Amino acid sequence: MSQKISGVKGMNDILPGEVEIWQFVERTARELFARFGYGEVRTPMVEDTALFVRSVGEETDIVGKEMYTFEDKGGRSLSLRPEGTAPAARAYIEHSVVNQEPLTRWYYLGPMFRYERMKTGRYRQFHQIGAEAYGSREPAQDVELMDMVVQLLQKLGLTEVSLNINSLGDEACRPTYQAKLVEHLRGHAGELCGDCQRRLESNPLRVLDCKVERCQQIAQAAPSILESLCEPCRAHFDEVQRKLTALDIRFQVNPRIMRGLDYYTRTAFEFIAAHPALGTASTVGGGGRYDKLVKGLGGPDVPAVGFGLGLDRLCLLLKESGQKFAAPVDLFVAVADAGSSDVAFSLVSRLRREGLVVEFDTRGGSLKSQMKRADKTGARFALVLGEAERESGQAQLKPMAGGEPISVRLDEVARVVREAPSR
RNA sequence: GCGGCCAUAGCUCAACUGGUUAGAGCGCUGGACUGUGACUCCAGAGGUUACCGGUUCGAUCCCGGUUGGCCGCCCCA
């Protein structure tokens with residue numbers, strides 16, 4: 001017996017039985033996003049480390065301590081992507097997409113990597129579905145993306161998710177606000193928790209997020225960023241809300257929504273699930289506008305807005321919902337005597353060619369054990385093939401849920417099964 | 001990165017303050033029922049009690065370390 005090797009911490013296997021949930025979410029998202037005119041972009045899982053340092057921000061937790069960074073044999077510093085927006089923007093710039101179309105809509109889907117402490121709904125290899133729209137600075141673009149998420153959640157049957165929105169201002173008004181906030185917080189510096197005293201210097205906006213009661217009280221009394229927005233940001237935010245309302249999308253303005261990544265400007269939003277299964281990992285998706293990102297990465301001055309959804313978390317919620325996602329088995333073919341196995345095997349092959357989902361036990365075995373297997377697979381029908389059927393060309397199609405068997409000719413099986421009412 | 005809890009069969013859990021062969025339910029396999037699943041009954045397979053070391057006549061149980069998991073903080077998807 002060789003040494004047992006286990007998977008890497010924080011990186012999970014997804015086995016049949018569970019993978020169907022993932023496929024369902026992915027399939028639903030692809031169909032819906034295509035309907036909105038978004039095309040899939042696939043970028044490598046590894047990028048130049050500098051891409052993330054410049055876009056996500058050197059001071060963020062992600063870049064500061066969570067990236068899987070390594071040197072390749074050519075001495076380049078590479079990193080496993082911790083998020084999807086920066087690689088998409090890099091590809092957008094690299095292929096001069098702006099010169100080919102003024103408005104670009106992309107989505108992506110795949111694994112991301114962050115070296116973090118493991119928790120439910122929080123893994124080191126996790127999966128995101130995200131979308132990006134480049135070229136429009138209009139509020140309608142922000143709302144279109146939120147609408148897309150809302151519709152996706154609806155199609156997935158996840159109704160207990162609420163949309164929170166905020167505006168983070170832009171380079172004109174955010175510094176002003178931050179100064180005002182720091183001034184307010186300094187007045188209560190002694191009362192803040194240890195973390196917040198530190199945040200006062202590193203990232204004062206984060207204090208608004210603190211869960212400590214006293215800090216919350218102080219944050220409550222702090223000036224709101226929404227009161228400090230410059231006129232263009234104010235107008236943008238108002239229009240976003242008006243359009244959401246016009247689409248009948250329920251939302252909540254939440255001045256405490258912040259972003260952990262530096263590139264956000266103006267609109268920020270989060271989709272938060274109420275379900276206890278996620279614990280503190282209740283945010284299933286987040287996004288916002290980043291008008292300076294593309295230019296900041298050396299591209300043209302093109303505005304952008306996008307979101308990322310946590311696939312792992314969506315799947316956890318769906319698992320809790322108890323829905324079944326496996327493709328139903330149409331038919332189980334059982335062999336009654338050894339002399340029939342070749343005929344049965346050919347029949348199975350033909351039925352599969354004709355589009356039926358057919359189960360068959362290649363090991364043979366007793367008829368009883370095959371029928372047990374048929375029951376386990378959840379097959380709608382079972383068909384026993386033996387000497388009598390071979391000679392007559394007729395067989396009994398047995399509905400596993402109960403009811404009278406149907407007598408069919410062997411060359412009619414596919415048609416009869418297909419026409420039978422499901423379940 | 002900080003604080004707390006936990007680790008026994010594929011899964012969910014037992015094992016009386018440290019005592020002989022570590023049990024049950026579910027699941028899996030076979031049989032009762034030799035051409036028909038489910039319900040019932042019977043039987044079987046499956047464990048280095050996560051790993052390493054220590055204390056002891058004796059450790060699943062006590063102690064230390066490692067690894068993995070859970071909860072809160074932080075952060076986020």
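Not measured: the values here are computed from a predicted model. Residue numbers begin at 1 in each chain, while the letters A, B, ... track the order of the sequences. Below, each value reflects all heavy atoms present in this structure, side chains not excepted, and no hydrogens, waters or symmetry copies.
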Rounding to an integer number of angstrom, what distance separates [N] and [M] when you compare their [atom1] atoms?
N	M	atom1	value
B/G58	B/G10	P	30 Å
B/C76	B/A14	C1'	39 Å
B/U21	B/U67	C1'	31 Å
B/G64	B/G18	P	16 Å
B/C51	B/G47	C1'	15 Å
B/C11	B/G46	C1'	13 Å
B/G27	B/U60	C1'	24 Å
B/U8	B/G68	P	16 Å

Over all strands shown, is [X] touching base, sugar-phosphate only, or nothing at heavy-atom distances under 4.0 angstrom?
X	result
A/Ala382	nothing
A/Lys368	base
A/Glu389	base
A/Gly130	nothing
A/Gln396	nothing
A/Val384	base
A/Phe332	nothing

Would you kindly check whether a donor in the side chain of [X] faces an acceptor in the base of [N], or vice versa, at under 3.5 angstrom?
X	N	value
A/Glu116	B/A77	yes
A/Arg114	B/A77	yes
A/Arg117	B/C73	no

Would you find more than 12 non-hydrogen atoms of other residues, nucleotides or ligands less than 6.0 Å from [X] atom [atom1]?
X	atom1	result
A/Phe345	CZ	no
A/Glu404	CD	no
A/Gln23	CD	yes

Review point. Do the ring planes of A/Tyr92 and A/Trp106 sit parallel (below 30°), tilted (30 to 60°) or perpendicular (above 60°)?
Key: perpendicular

Point to revise | Check: A/Arg122 and A/Arg313 side chains under 4.5 Å, non-hydrogen atoms | key: yes

Rounded to whole Å, how long is the line connecting atom [atom1] of [X] with atom [atom2] of [N]?
X	N	atom1	atom2	value
A/Lys372	B/G35	NZ	P	16 Å
A/Met118	B/G1	CE	P	14 Å
A/Arg380	B/U36	CZ	C1'	19 Å
A/Lys119	B/C76	NZ	P	15 Å
A/Met371	B/G37	CE	C1'	5 Å
A/Glu359	B/G37	CD	P	18 Å
A/Arg122	B/C75	CZ	P	10 Å
A/Tyr115	B/G1	OH	P	6 Å

Review point. Phosphate oxygens OP1/OP2 of B/G30: is one of them under 4.0 Å from a side-chain N or O of A/Ser366?
Key: no

Review point. Would you say A/Lys9 reaches B/G68's phosphate, i.e. side-chain N/O to OP1/OP2 under 4.0 Å?
Key: yes

Pairing nucleotide - [N], Watson-Crick or G-U, each distance under 3.5 Å:
N	value
B/A43	B/U29
B/U67	B/A7
B/C2	B/G72
B/A15	none

Study note, to complete from the structure: Assign each of A/Gly7 and A/Arg313 the nucleotide of RNA chain B bearing its closest heavy atom; nearer the 5' end lies the nucleotide of A/Gly7

Exercise for review: Map A/Gly308 and A/Asn12 onto RNA chain B by nearest heavy atom, then report which one ends up closer to the 5' terminus.
Suggested key: A/Asn12

Check your understanding: Salt bridge or not for A/Glu354 and A/Arg350, using N-O below 4.0 Å?
Key -> yes

Review point. Would you call A/Glu183 and A/Lys180 a salt bridge, taking side-chain N to carboxylate O under 4.0 Å as the test?
Key: no

Check your understanding: Between A/Phe52 and A/Arg81, is there a cation-pi geometry (under 6.0 Å to ring centre, at most 45° from the normal)?
Key -> no

